[in-house]
Amino acid sequence: MKGKVLDAKTGYTLPGANIYVSDLSGALIDPSTGTTSTTDGSFVIENNGRPVAVRYIGYQTQVITPSIDYALVNMVPETYQLPPVTITPNKIKWIGLAGLFSVVYYLIFSKR
């Protein structure tokens with residue numbers, strides 16, 4: 001099987017994508033059959049009539065059916081929603097900073 005790996009939104013090629021023989025769910029079957037896409041996004045893999053999975057960091061895994069001889073693989077970006085982060089100041093440092101401002105204010109305005 002031959003093909004080319006592209007970003008689905010921009011159409012840019014994706015060099016270094018992982019391509020390997022898989023089952024229909026995208027699980028790796030034979031680790032010795034893997035390859036990567038070249039700088040122009042193209043790849044060649046011997047799949048012996050089995051599905052091929054394409055993976056790229058930040059994109060959803062795509063599984064190509066075995067009956068295709070040439071595939072344009074449009075990789076869809078995958079986003080993750082992280083839980084919110086709460087940042088609270090350390091009270092000791094905050095009091096120290098307020099105290100520093102108080103000293104500076106006193107030194108500047110007490111001599112007038």
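- Note that the CG atom of Asn74 and the OG1 atom of Thr10 stand 9.5 Å from one another [nearest 0.5 Å].
- Closest of all the heavy-atom pairs between Asp40 and Thr13 is O-CG2, 3.1 Å.
- Interatomic distance, Thr38 OG1 to Lys4 NZ, rounded to the nearest 0.5 Å: 8.0 Å.
- Between Val21 and Arg50 the shortest heavy-atom distance is CG1-CB, 3.7 Å.
- Under the 3.5 Å distance criterion, the side-chain polar atoms of Ser37 are matched with a main-chain donor or acceptor of Ala17.
- Atom CG of Asp69 is surrounded by 12 or fewer heavy atoms from other residues, nucleotides or ligands within 6.0 Å.
- Grouping Ile, Leu, Val, Met, Phe, Trp and Tyr residues whose side-chain heavy atoms lie under 4.5 Å apart, directly or via other members, places Val85 in a hydrophobic cluster with Ile87.
- For the pair Thr33 and Glu46, the minimum side-chain heavy-atom distance is 4.5 Å or more.
- Minimum interatomic distance between Pro66 and Gly49 (heavy atoms only, all atoms of both residues): CB-O, 3.0 Å.
- Side chain of Tyr20 to backbone of Ala27: no donor-acceptor contact under 3.5 angstrom is found.
- Distance check, rounded to the nearest 0.5 Å: CG of Asn47 to OG1 of Thr65 gives 9.5 Å.
- Contact between Gln62 and Val73 at its shortest, heavy atoms only, is CB-CG1, 3.9 Å.
- Hydrophobic clustering, defined by side-chain heavy atoms of Ile, Leu, Val, Met, Phe, Trp and Tyr closer than 4.5 Å, groups Leu72 together with Leu6, Tyr70.
- Hydrophobic cluster membership of Leu82, counting Ile, Leu, Val, Met, Phe, Trp and Tyr whose side-chain heavy atoms lie under 4.5 Å apart directly or via other members: none, as it forms a cluster of its own.
- For the atom pair OG1 (Thr61) and CE (Met75), the distance works out to 6.0 Å, reported to the nearest 0.5 Å.
- Taking each heavy atom of Val63 and Pro51 in turn, the nearest pair found is CG1-CB, 4.0 Å.
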